[in-house]
Amino acid sequence: MSKQKKQAIRAAFRDSVFDRDGHRCRVCGDTKGPFDAHHITPREQMEEGGYFTSNGITLCPKCHIRAEAWLKNPNPLPSSWSKDQLYKLIR
């Protein structure tokens, strides 16, 4: 896949996630941004890199760091950062 096509897929993913979520962090409600389109289930575990709106959630940088930390080591962080809890926020 070309670099341009990958960039277009990523941009479309971000845009669709941000639009669905009203351009606000779904965890803390921040509306200022900048925002990250976080893959709830890691890209490596999904077909086509997980670039599906249903696998994304809009997060501010602070919440994105916490979500990524939970993926690496869920034990010390509250379960509110689990995949199941993040999916509930977008449904």
Side-chain angles (χ1 to χ4, degrees):
M1 182 182 308
S2 74
K3 183 177 179 178
Q4 285 180 316
K5 185 166 182 164
K6 285 182 185 180
Q7 288 175 332
I9 290 169
R10 285 189 208 126
F13 171 72
R14 280 192 310 274
D15 291 345
S16 66
V17 170
F18 294 165
D19 287 346
R20 184 206 54 219
D21 294 342
H23 296 267
R24 68 180 175 86
C25 178
R26 291 299 303 242
V27 174
C28 73
D30 176 28
T31 58
K32 295 177 187 173
F35 298 111
D36 293 301
H38 173 69
H39 288 83
I40 298 172
T41 296
R43 295 184 302 264
E44 303 80 20
Q45 296 175 12
M46 296 190 75
E47 292 182 30
E48 299 177 33
Y51 287 97
F52 307 106
T53 305
S54 59
N55 184 45
I57 187 169
T58 301
L59 298 176
C60 67
K62 182 179 175 182
C63 290
H64 193 215
I65 288 168
R66 288 183 179 158
E68 291 291 331
W70 193 91
L71 284 172
K72 292 176 183 162
N73 188 3
N75 293 326
L77 295 171
S79 63
S80 59
W81 295 102
S82 72
K83 290 190 305 185
D84 291 339
Q85 292 302 318
L86 294 177
Y87 277 124
K88 283 182 183 178
L89 289 173
I90 64 169
R91 291 197 175 124

Worksheet item: Quick one: does His38's side chain get under 4.5 Å of Leu86's, heavy atoms only?
Response: yes
Worksheet entry | Main-chain N/O of Cys60 paired to Asp30 side chain as donor or acceptor, under 3.5 Å | no
Worksheet item: With clusters built from Ile, Leu, Val, Met, Phe, Trp and Tyr whose side-chain heavy atoms come within less than 4.5 Å, directly or transitively, what are the remaining members of the cluster of Phe52, listed by chain and number?
Response: Met46
Discussion item. Test of understanding: with side chain to side chain contact (heavy atoms under 4.5 Å, CB included), list the residues that count as partners of Arg14, not counting sequence neighbours.
Written reply: Arg10, Ala11, Phe18, Ala37
Fill in: side-chain hydrogen bond (donor to acceptor under 3.5 Å, both in side chains) against Thr41, all qualifying residues, sequence neighbours excluded
Tyr87
Worksheet, complete the sentence: Taken to the nearest 0.5 Å, the spacing of Ile9 CD1 from Glu48 CD works out to 8.0 Å
Response to the item:
In this structure, CZ of Phe13 is separated from OG1 of Thr53 (nearest 0.5 Å) by 7.0 Å
Item to complete: Rounded to the nearest 0.5 Å, what's the gap from CZ on Arg24 to CZ on Phe35? Could you check?
Response: 9.5 Å
Worksheet item: Got a sec, which residues hit side-chain hydrogen bond (donor to acceptor under 3.5 Å, both in side chains) with Asp19, two or more places apart in sequence or on another chain?
Response: His23
Worksheet item: Could you give the distance from NE2 (His64) to CD1 (Ile57), rounded to the nearest 0.5 Å?
Response: 10.5 Å
Practice prompt. Would you mind reporting whether Thr58 and Ile90 have side-chain heavy atoms less than 4.5 Å apart?
Written response: no
Fill in: Residues forming a side-chain hydrogen bond (donor to acceptor under 3.5 Å, both in side chains) with Ser54, sequence neighbours excluded
none
Item to complete: Go through the structure and list residues passing side chain to side chain contact (heavy atoms under 4.5 Å, CB included) with Lys3, not counting sequence neighbours.
Response: Gln7
Response to the item:
The reported gap from CG in Leu59 to CG in Leu89 (rounded to nearest 0.5 angstrom) is 9.0 Å
Discussion item. Checking Arg26 now: which residues fulfil salt bridge (charged side-chain N to carboxylate O under 4.0 Å, His left out) with it, not counting sequence neighbours?
Written reply: Asp21
